[in-house]
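Here's the structure, in structure tokens; my notes come after.
Chain letters run A, B, ... following the sequence lines, proteins first, then strands; residues in each count from 1. Here the structure is a predicted model, which means the values were calculated and not measured.
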2 protein chains.
Amino acid sequence: MKNPFPGARVRGSSSGRPIMALLDLLGRRMALRIIWELRGDPLNFRDLVDAAGTNPSVLNTRLSELREAGIIELSEDGYGLTAEGRTLLADMMPLNAWADAWAKRLRKP
Amino acid sequence: MKNPFPGARVRGSSSGRPIMALLDLLGRRMALRIIWELRGDPLNFRDLVDAAGTNPSVLNTRLSELREAGIIELSEDGYGLTAEGRTLLADMMPLNAWADAWAKRLRKP
DNA sequence: TCTTCATGCTATGAAATCCGTAGCAATGTG
DNA sequence: CACATTGCTACGGATTTCATAGCATGAAGA
């Protein structure tokens, strides 16, 4: 299937609503993780493979989608978040705190 | 593979850090979407299949993971978010605004 | 110039996952 | 006893992911 793109059909939705395209894009394997791993300094391709614990083919597929979406870019320093990507990451940061509270809950139910 | 669980190995991470388990869980097909579709009233199984634009087998797999994680529960009214699930959804809501701004950017670059 | 290295990325085949459809079991209603 | 509604499972083909090997390019040494 084509890359998720606001205004286009995506898996599970033909409405073209931007949130549906975003949920499809972020719902693919390693997409959230890749963005997460780029929260600090840019990483080169191989370091990103290691950091995300994935393999070149999946990473490259996700990178092309995330680059086309304007979330990630390749600079001289390696792969990093664009300005837009950083605002998306900022929106994801609460998930970290949520996950910690979740772990605490599940340890003593 | 076993369901993502804080403290356990998940795809792409053996650290057991809660955020990794969460990113694995949410990075599976339709997981984010299912949570999103339950932002309002509970839905029964079939309505949730339609709302998420998926099929019973994938939905059931995701539901069992999300129920085990304590994010979704089945009540007399149907499938709905738990209290914890609602806080997770609240953390996801900014994505909607982000997606709208994203769509606007991509329309006129 | 001839290695050697680091880089982004592609190729390949097997394994896992997803998808769509059909249908089952339990429960309730006429 | 039909009949509808519900949650869910079975199945087979399509797609995606996984792990590993390797290619192409450019820079840096020898």
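- Phosphate contact (OP1/OP2 of C/dC19, side-chain N/O of B/Arg29, threshold under 4.0 Å): present.
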Which pairs would a plain distance check flag for residues 84-97 of chain B, meaning a side-chain donor or acceptor within less than 3.5 Å of a matching protein atom at least two apart in sequence or in another chain?
{"from": "B/Glu84", "atom 1": "OE1", "to": "B/Thr82", "atom 2": "OG1", "distance (Å)": "3.3"}
{"from": "B/Arg86", "atom 1": "NH1", "to": "B/Leu81", "atom 2": "O", "distance (Å)": "3.0"}
{"from": "B/Thr87", "atom 1": "OG1", "to": "A/Trp98", "atom 2": "NE1", "distance (Å)": "2.7"}
{"from": "B/Thr87", "atom 1": "OG1", "to": "B/Glu84", "atom 2": "O", "distance (Å)": "2.7"}

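- The interatomic distance linking B/Arg28 (CZ) with C/dT17 (P) rounds to 7 Å, in whole Å.
- When atom types are taken as modelled, the side chain of B/Arg33 and the backbone of B/Gly53 share no donor-acceptor pair closer than 3.5 angstrom.
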What's touching nucleotides 3-7 of chain C from the protein side, N or O pairs under 3.5 Å?
{"from": "C/dT7", "atom 1": "OP1", "to": "A/Asn44", "atom 2": "ND2", "distance (Å)": "3.1"}
{"from": "C/dT7", "atom 1": "O4", "to": "A/Arg46", "atom 2": "NH2", "distance (Å)": "3.1"}

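- Applying the side-chain contact (heavy atoms from CB on, under 4.5 Å) criterion to A/Asn44, with sequence neighbours excluded, gives A/Arg46, A/Asp47.
- Residue A/Asp24 contributes atom CG, which lies 13 Å from atom C1' of D/dT15 at whole-angstrom precision.
- With sequence neighbours left out, the side-chain contact (heavy atoms from CB on, under 4.5 Å) criterion links A/Asp41 to no other residue.
- Annotation: side chain to side chain donor-acceptor pair (under 3.5 Å) contacts of A/Asn55 (sequence neighbours excluded): A/Ser57.
- Note: CD (B/Glu76) to P (D/dT6) measures 14 Å, nearest angstrom.
- Proximity of residues 51-63 of chain B to DNA chain C (heavy atom under 4.0 angstrom from any strand atom) is restricted to B/Asn55, B/Pro56, B/Ser57, B/Val58, B/Arg62.
- Here the P atom of nucleotide C/dG8 and the CG atom of A/Asp50 are 12 Å apart, to the nearest Å.
- Shown here are the side chain to side chain donor-acceptor pair (under 3.5 Å) partners of A/Arg67, two or more places apart in sequence or in another chain: A/Tyr79.
- Listed by chain and number, the residues in a salt bridge (Lys or Arg N to Asp or Glu O under 4.0 Å) with A/Arg39 are A/Glu37 (sequence neighbours excluded).
- The salt bridge (Lys or Arg N to Asp or Glu O under 4.0 Å) analysis of residues 55-66 of chain B, with sequence neighbours excluded, yields the pairs B/Arg28-B/Glu65, B/Arg62-B/Glu65.
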